[in-house]
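This report refers to the structure that appears directly beneath it.
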There are 2 protein chains.
Amino acid sequence: MTADAQISRIKPGRRTDIRRENERVILDAAEKVFAEAGFGGATMQLIADMAGLPKANLHYYFATKEDLYRKVVQQIFEIWLDAAMLFDDAPGPVEGIGGYIDAKMDISRTHPHGSKVWASEVMHGAPVIQDYLETTLRDWTEGRIKAIQRWIDEGKMRPVNPRHLLYMLWATTQHYADFGHQIQTLNDGKPLSDRQWQEAKASVKELVLRGIGAI
Amino acid sequence: MTADAQISRIKPGRRTDIRRENERVILDAAEKVFAEAGFGGATMQLIADMAGLPKANLHYYFATKEDLYRKVVQQIFEIWLDAAMLFDDAPGPVEGIGGYIDAKMDISRTHPHGSKVWASEVMHGAPVIQDYLETTLRDWTEGRIKAIQRWIDEGKMRPVNPRHLLYMLWATTQHYADFGHQIQTLNDGKPLSDRQWQEAKASVKELVLRGIGAI
DNA sequence: CTTCACTTTGACCATACGGTCAGGAAATGA
DNA sequence: TCATTTCCTGACCGTATGGTCAAAGTGAAG
């Protein structure tokens with residue numbers, strides 16, 4: 001992070017880069033603090049300390065706490081949408097759903113904070129991203145349901161309710177991020193190792209793919 | 001709720017009942033507010049308004065905000081533990097796991113607030129219930145893993161990783177409470193009907209039981 | 001060097017929050 | 001009736017928080 005800052009300041013170092021870099025540092029800090037303390041429990045001072053900047057500087061880049069929070073939520077949503085592309089262009093459920101599980105599990109490992117912020121936002125009634133749920137997410141969901149239904153019609157999987165299958169995919173994959181602390185506690189207090197993450201991915205994939213009769 | 005208050009005030013109406021009743025009203029209000037706003041976003045004033053009592057009265061029954069919060073978390077944990085009894089005394093996975101799914105799905109419908117408070121608590125690193133995770137939950141989990149392993153050894157289900165199976169059960173069932181708002185939004189803004197809840201339970205049970213090769 | 005836009009920040013403010021407390025009301029038992 | 005315990009609550013307090021602002025710092029362009 002610090003190294004990046006120095007690099008970007010040396011190489012094409014311009015005013016724009018200062019802004020871009022600081023916004024990134026602040027967003028990363030905010031994601032972590034919002035995840036660990038919730039929106040209400042997070043303070044601008046905590047985020048500032050985590051980012052290594054004075055509090056007033058945060059308000060120079062982000063007008064309000066809500067504004068900063070909104071950007072954090074949008075970020076994780078876009079990451080998930082990108083990963084969801086694996087669903088398309090897949091010939092069948094093994095590649096489509098299996099690949100989607102892989103991607104979402106990887107995100108749960110690399111972006112646990114973002115996942116928690118999203119979960120918290122939805123649990124509180126989605127006050128700032130309700131429009132996303134009603135537009136982008138709804139459209140995406142309907143599209144995926146159609147894809148699953150096609151696989152069912154083609155006999156590539158059993159006739160399960162596509163909607164509840166999607167919920168299960170979301171729930172199961174995000175659980176490893178949102179409830180990571182509980183999982184770690186039940187793992188003798190240690191984070192899952194590489195091998196254990198592989199095991200988790202394999203277990204989830206097998207349970208789901210066998211559950212829908214794709215293998 | 002009001003009726004209960006009147007009844008309990010008339011029937012065996014004693015000092016103890018006033019305390020019991022008020023504590024219940026406050027706990028119910030607190031559960032809802034903590035679920036909707038998070039610990040940091042919840043205020044004693046909001047809880048007091050929801051309970052229909054002056055704020056100072058809350059502090060008469062519960063010393064601090066943390067104290068009140070702790071009681072709320074303990075409550076949902078006990079409800080879940082009770083439901084988990086269905087796991088025991090079951091001859092096989094169809095009854096044991098199937099019954100557990102039924103029970104947890106019912107709780108997700110009847111106690112969505114408690115589930116959200118628990119999720120929020122764990123996501124924030126379980127600051128107040130870490131000891132529960134390390135003792136009661138860990139013991140319960142180990143016991144259930146043994147039970148599942150026994151079913152596997154008896155050939156009643158496929159050899160899946162019991163730990164990840166449990167995580168899937170928790171994730172999937174609690175998803176219907178924790179992400180209820182998202183599910184409702186994707187259901188044209190309407191809460192799931194009785195029929196839709198039946199469909200959800202059936203889908204989850206079939207996916208899981210088929211996934212583990214129990215049906 | 002001067003200019004000018006962009007960035008930084010310590011000091012400050014109004015508000016809202018958790019919690020306290022004194023004094024009164026209500027219930028109970030003798 | 002009176003004493004005692006329990007319950008109730010408006011008013012109050014110290015603190016922490018989100019946000020503001022004026023003044024200073026910085027560096028590229030002319």
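Note that these values count all heavy atoms, side chains included, but never hydrogens, waters or copies made by symmetry. Below, read A as the first sequence line, B as the second, and so on, with proteins coming before strands; counting in each chain starts at 1.
Between B/R19 and D/dC7, a side-chain N or O to OP1/OP2 separation shorter than 4.0 Å is present.
Remark: DNA chain D takes part in the stems C:1-30 with D:1-30, each of 3 or more antiparallel Watson-Crick or G-U pairs, criterion distances under 3.5 Å.
The only option from A/D106, A/T172, A/L86, A/L169 that meets the side-chain contact (heavy atoms from CB on, under 4.5 Å) definition with A/I101 turns out to be A/L169. Applying side-chain contact (heavy atoms from CB on, under 4.5 Å) to A/Y61 and the options A/L27, A/D67, A/I26 leaves one that passes, A/I26.
Classification of the B/F87-B/W140 ring pair by plane angle, with boundaries at 30° and 60°, yields perpendicular.
With no hydrogens or angles considered, a side-chain donor-acceptor pair links B/Q174 and B/K104 at under 3.5 Å.
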Contacts table for residues 46-58 of chain B: side-chain donor-acceptor under 3.5 angstrom, sequence neighbours left out:
| from | atom 1 | to | atom 2 | distance (Å) |
| --- | --- | --- | --- | --- |
| B/D49 | OD1 | B/Q45 | NE2 | 3.1 |

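Nucleotide C/dA26 holds its C1' atom 16 Å from the CG atom of B/D17, rounded to whole Å. As a whole-Å value, the separation of B/N22 CG from C/dA26 P is 15 Å. Rounded to an integer number of Å, the gap from B/I18 CD1 to C/dA27 C1' is 7 Å. We find that CD1 of A/I26 is positioned 8 Å from P of C/dT8, with the value rounded to whole Å.
Residues satisfying the side chain to side chain donor-acceptor pair (under 3.5 Å) criterion with B/W80, sequence neighbours excluded, are absent altogether. Contacts of B/E199 classified as side chain to side chain donor-acceptor pair (under 3.5 Å), with partners at least two apart in sequence or in another chain: A/N161.
Within residues 30-53 of chain B, the residues approached by DNA chain C to less than 4.0 Å at the level of any non-hydrogen atom are B/A42, B/T43, B/M44, in residue-number order. Within residues 54-72 of chain B, the residues that place at least one heavy atom under 4.0 Å from DNA chain C are, in residue-number order, B/K55, B/A56, B/H59, B/T64, B/K65, B/E66.
Relative to the ring axis of A/F62, A/K71 does not place its NZ or CZ within 45° and under 6.0 Å from the centre.
Between B/R24 and B/E21 there is a salt bridge, since at least one side-chain N of the basic residue sits less than 4.0 Å from a carboxylate O of the acidic one.
Note that the CG atom of B/N22 and the CD1 atom of B/I18 stand 7.5 Å from one another [nearest 0.5 Å].
The distance between the ring centers of B/F77 and B/W118 falls below 6.0 angstrom.
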